[in-house]
Structure formats: structure tokens, C-alpha cells
S.K.: 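Got a structure for you, questions after.
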Number of protein chains: 2
Amino acid sequence: MPSKASPPITIDAVYAAPGYLFRRMQQIAVSIFMEECKAFDLTPVQYAALIAIHTHPGIDATRLSAVIAFDRSTLGSVIERLQAKDYVERKPAPEDKRIKLLYLTKPGVAILREIIPAVERAQARMLEPLKPADRKTLMGLMSQLVDLNNEASRVPLRAEDALEHLGKTG
Amino acid sequence: MPSKASPPITIDAVYAAPGYLFRRMQQIAVSIFMEECKAFDLTPVQYAALIAIHTHPGIDATRLSAVIAFDRSTLGSVIERLQAKDYVERKPAPEDKRIKLLYLTKPGVAILREIIPAVERAQARMLEPLKPADRKTLMGLMSQLVDLNNEASRVPLRAEDALEHLGKTG
DNA sequence: TGTTGATTGACAGTATACTGACGATCTAGG
DNA sequence: CCTAGATCGTCAGTATACTGTCAATCAACA
């Protein structure tokens, strides 16, 4: 019985690895989200962006990327798509010509209200196979882990810091 | 205190949602993996593919996609990149002209042996912020959840079924 | 005030993911 | 034997992600 020698090079080791389980669960989560929300033609990322802009009207793209933890580079095209659907509008900031401020349009606010029940269903379905107590345990541990690992991936600002200049809307 | 009326439309609700935590954790996991393995120029997906081919030599692309749970469409380009790095070779199957069988090359086996310690470090780092008991709990719940949700995302075959025709190598 | 350094949004390049479609091929049924 | 349906690899199209770079702009300091 080898106690700690070289681990076996087998796919079974991968199945039990955290990285594999996180990737797989993310796939499943997106799939469930898309299924519940297919009537609305919004991706999880686009949904998160809408919510964040609703919470912080007038936020700029860089701060938005910190608030929902995704890449500045990617965010541009996400916003473009939301603009094309007429859910978001961009206004130049008067005091800083570099910045474009983001606001929800009326249709943007409307779709948000409509989609929320579907999103709630999706979130519930992701955890449905677990017993209620286990769901709570899992979410608690995931929250801790994401929080404590926050600096591990490129997020230029912590969400709280990102909002210092805004009026703390919300 | 409203008990269960319409939920608030706020970004804070998103932060506690399973979908957000899974997406964020996946980002973090990839980031840690790439950091630990940067000397090897292999992505998590490419690593999983190498391991799976090593475990099941002569597997074809469709079955491989089931074994590591990713999309058939995407797999083509992943294999191409592994082929370009001379880690994988593809041989036409004699009895079925549609199929191309996958094998690791000598450099493929070698890089696998070399990268494994780095991968182990990455996997450990992902869970490091948690107490040991909590790590175990989290992995147990994630395994359950992924397993029970397996059909939720498009995986054409369960891994076990996918391997019926192979000699159950491993 | 004038230049340095930081910030913003944009872009190019690479790598996953997923949908839907396609031709080539195999297999079963008639 | 020959056609209908399934399967294999591939490709086009869309959407995330991340690295690195760039011009325009701003802020701060000498």
C-alpha cells in the first residue's frame, strides 16, 4: 500500500479534483440558467451586468467589471450586446472624457423584473439534488472560498473599493 | 420584514446565488491552475484531455468528449493544439473510416509526468483557505451535486457507457 | 506649467463553450 | 442489395474569458 508516492495518472483522479468539479458545475449551472431563461435571450453574464447597473446607475465599465468580477476586455462586447437589445445606454461623463456612464433603459428595467422568477427557478434547480441542509452548507463553504480566494484571479478592484466614488446607491 | 414577497433587485442577491459562486470559483480555479502550470503551457482542458487519452489509449474524439465532459465541437481544436505540440497523435481506425483514434506520444507521456506535481499544487491551493474538514465536506457535496446534475448539461454519453467498446483500459 | 505616470475604453490574439448544420460513413431493415 | 437513420468529425456563428497593447485623457508633482 503506497502511502504517498507518485499519484496514479488516471482520469479518475481528475474526477475527484476540485478544478474538475468546479468546471463541471459551472457548465451545469450555465446550462440550467439558459434553459430556464431561454424565453428572455439573456446570458448569465448579461443578467449580472443588468442587475449591477440597476443597483449602481451611472457606473462606468471598469468599476462594473470589478463589481461583477469579470474581465474589462470582455465587458465591452457584453455591453455592446445589451446596448443592441436596447437594455442599456451609455452616456459620456461630463467631467471625464474617457468615461462612459452606464444606465438601464426602460426596457432594461422591465426585462429585469420579468426574468427574475426564471432566474430564481434556475438557482433553485442547481442545488435541488441536495438535501436542504446540505445546500446551505455548500453555499456557505463556496461563499467563504470565493471570498478568501478573491485576489487569486484578476479583479482590478474589490467591489467595495470600486464604488467609493459613486453615491453608494443601493 | 417582508417574508417572501418579490425579491429585491440588487447585486447583493447575485453574490449569494449559486450560479455566481460557481462561475467565480471556476474563474479562480483556472487562474490558480495557469499560475502553477505556466512553465508547461497547458490549459486545464488540455491537461484533462491528456490524462483521459493516457487512461484510454485509442479512444476517439466523441468518446473522449464524454469522458471529460466537454463539447464535441470544441474538442477538435483542443486536440489540434495538442497535436501541434506533439503530445497527441491521431490514427485513422482501420474498421471505421469516420473515426480517428487518439494516442499520446512519448513527449505527451513525459509532459504529463512532469506537470502532475504542479497540478497537485494547484488543486491544493484552490481549497487552501478552508479548514481541512471543510475541504472534505465541500468536495463531497460538489461530487454529489455534479453527479446528480449530470444530465443537466449536454453530455452525449455517460463516461461509463462511452467506454463500452474500448477494452476498459485502466 | 509641463511632463510623468496612471486610468479608461478599445482592440488583437488565443482558448473555451455551445448551437446547429454538414458530408462522409456505417448499420439495420426491408 | 439498397435505402433510412444514426454516428463521426468538422465547421460556421455566437458568447465568454484572459493577456497584452494602445491612444486619449486625466491627475499630480516638480
Side-chain angles (χ1 to χ4, degrees), chain A residues 19 23-24 26-35 38 41-49 59-66 68-85 90-102 152-157 162 165, chain B residues 19 23-24 26-35 38 41-49 59-66 68-85 90-102 152-157 162 165:
Chain A
R23 179 176 70 84
R24 189 75 189 101
Q26 156 72 358
Q27 280 182 329
I28 292 167
V30 171
S31 178
I32 291 175
F33 183 103
M34 296 304 277
E35 202 177 309
K38 59 172 175 273
D41 190 32
L42 274 186
T43 67
V45 163
Q46 289 167 9
Y47 167 76
I59 196 173
D60 63 285
T62 295
R63 252 143 290 275
L64 178 60
S65 82
I68 50 184
F70 52 86
D71 209 80
R72 277 233 315 257
S73 325
T74 312
L75 193 53
S77 55
V78 174
I79 292 171
E80 262 176 33
R81 282 183 280 275
L82 290 173
Q83 240 178 331
K85 291 174 189 171
R90 263 200 278 208
K91 297 179 186 168
E95 78 288 354
D96 187 335
K97 286 172 195 167
R98 293 170 303 178
I99 295 178
K100 294 174 184 172
L101 306 177
L102 297 166
S153 91
R154 176 172 93 153
V155 178
L157 298 166
H165 305 293
Chain B
R23 178 175 71 83
R24 190 73 189 104
Q26 155 72 358
Q27 280 182 330
I28 291 166
V30 171
S31 178
I32 290 174
F33 183 104
M34 296 302 278
E35 203 176 310
K38 60 170 173 275
D41 190 32
L42 274 186
T43 66
V45 163
Q46 290 167 8
Y47 168 76
I59 197 172
D60 63 285
T62 296
R63 251 144 289 275
L64 178 59
S65 83
I68 50 184
F70 52 84
D71 209 80
R72 277 232 316 255
S73 327
T74 312
L75 193 53
S77 55
V78 174
I79 292 172
E80 261 177 33
R81 281 183 279 275
L82 290 174
Q83 242 179 327
K85 290 173 188 170
R90 262 200 280 208
K91 297 179 186 168
E95 78 289 354
D96 189 334
K97 287 173 194 163
R98 293 170 302 178
I99 295 178
K100 293 174 185 172
L101 306 178
L102 297 166
S153 90
R154 175 171 94 154
V155 177
L157 298 166
H165 305 293

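The basis for the numbers below is simple: all heavy atoms, side chains too, and nothing from hydrogens, waters or symmetry mates. Here is the naming used below: chain letters follow the sequence lines, and residue numbers restart at 1 for every chain.
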S.K.: Could you check how far CZ of A:R24 sits from C1' of C:dC18, rounded to whole Å?
M.R.: 13 Å
S.K.: Give the rounded distance in Å between these two atoms: CG of B:L75 and P of D:dC8.
M.R.: 13 Å
S.K.: Take the protein atom CD1 of A:I99 and the nucleotide atom P of C:dA6, then report the distance between them rounded to whole Å.
M.R.: 18 Å
S.K.: D:dC26 P sits how many Å from A:E95 CD, rounded?
M.R.: 9 Å
S.K.: Applying side-chain hydrogen bond (donor to acceptor under 3.5 Å, both in side chains), name anything that partners B:D96, two or more places apart in sequence or on another chain.
M.R.: B:R98
S.K.: Expressed as a whole number of angstroms, how long is the span from B:E35:CD to D:dC18:C1'?
M.R.: 14 Å
S.K.: In sequence, state the C-alpha distance, the side-chain angles, and the governing distance for B:R90 and B:L101, and then conclude on side-chain contact (heavy atoms from CB on, under 4.5 Å).
M.R.: CA-CA 5 Å; B:R90 262 200 280 208; B:L101 306 178; over 6 Å; no
S.K.: Going by salt bridge (charged side-chain N to carboxylate O under 4.0 Å, His left out), name the residues that satisfy it together with B:K97, two or more places apart in sequence or in a different chain.
M.R.: none
S.K.: Here's a test of your reading of the structure: between A:D96 and B:D96, which maps to the more 5' nucleotide of DNA chain D?
M.R.: B:D96
S.K.: With the sugar-phosphate defined as primed atoms, P, OP1 and OP2, and the base as all remaining atoms, what B/S/- string results for nucleotides 10-17 of chain D, 5' to 3', for protein heavy atoms under 4.0 Å?
M.R.: BB---SSB
S.K.: Main chain of B:D41, side chain of B:K85: is a donor-acceptor contact present, judged purely on distance under 3.5 Å?
M.R.: yes
S.K.: Should A:L64 and A:L75 count as side-chain neighbours, where that means a heavy-atom distance under 4.5 Å?
M.R.: yes
S.K.: Show me the dot-bracket string of DNA chain C, counting Watson-Crick or G-U pairs under 3.5 Å, with | for pairs to another strand and [ ] for crossing ones.
M.R.: ||||||||||||||||||||||||||||||
S.K.: Can you confirm whether the side chains of A:Q27 and A:R24 place a donor and an acceptor under 3.5 Å from each other?
M.R.: yes
S.K.: When the distance from CZ of B:R98 to P of C:dC22 is rounded to whole Å, what number comes out?
M.R.: 19 Å
S.K.: Can you list the residues that meet the salt bridge (charged side-chain N to carboxylate O under 4.0 Å, His left out) rule with A:E80, with sequence neighbours excluded?
M.R.: none
S.K.: Identify, with sequence neighbours excluded, every residue that meets salt bridge (charged side-chain N to carboxylate O under 4.0 Å, His left out) alongside A:K100.
M.R.: none
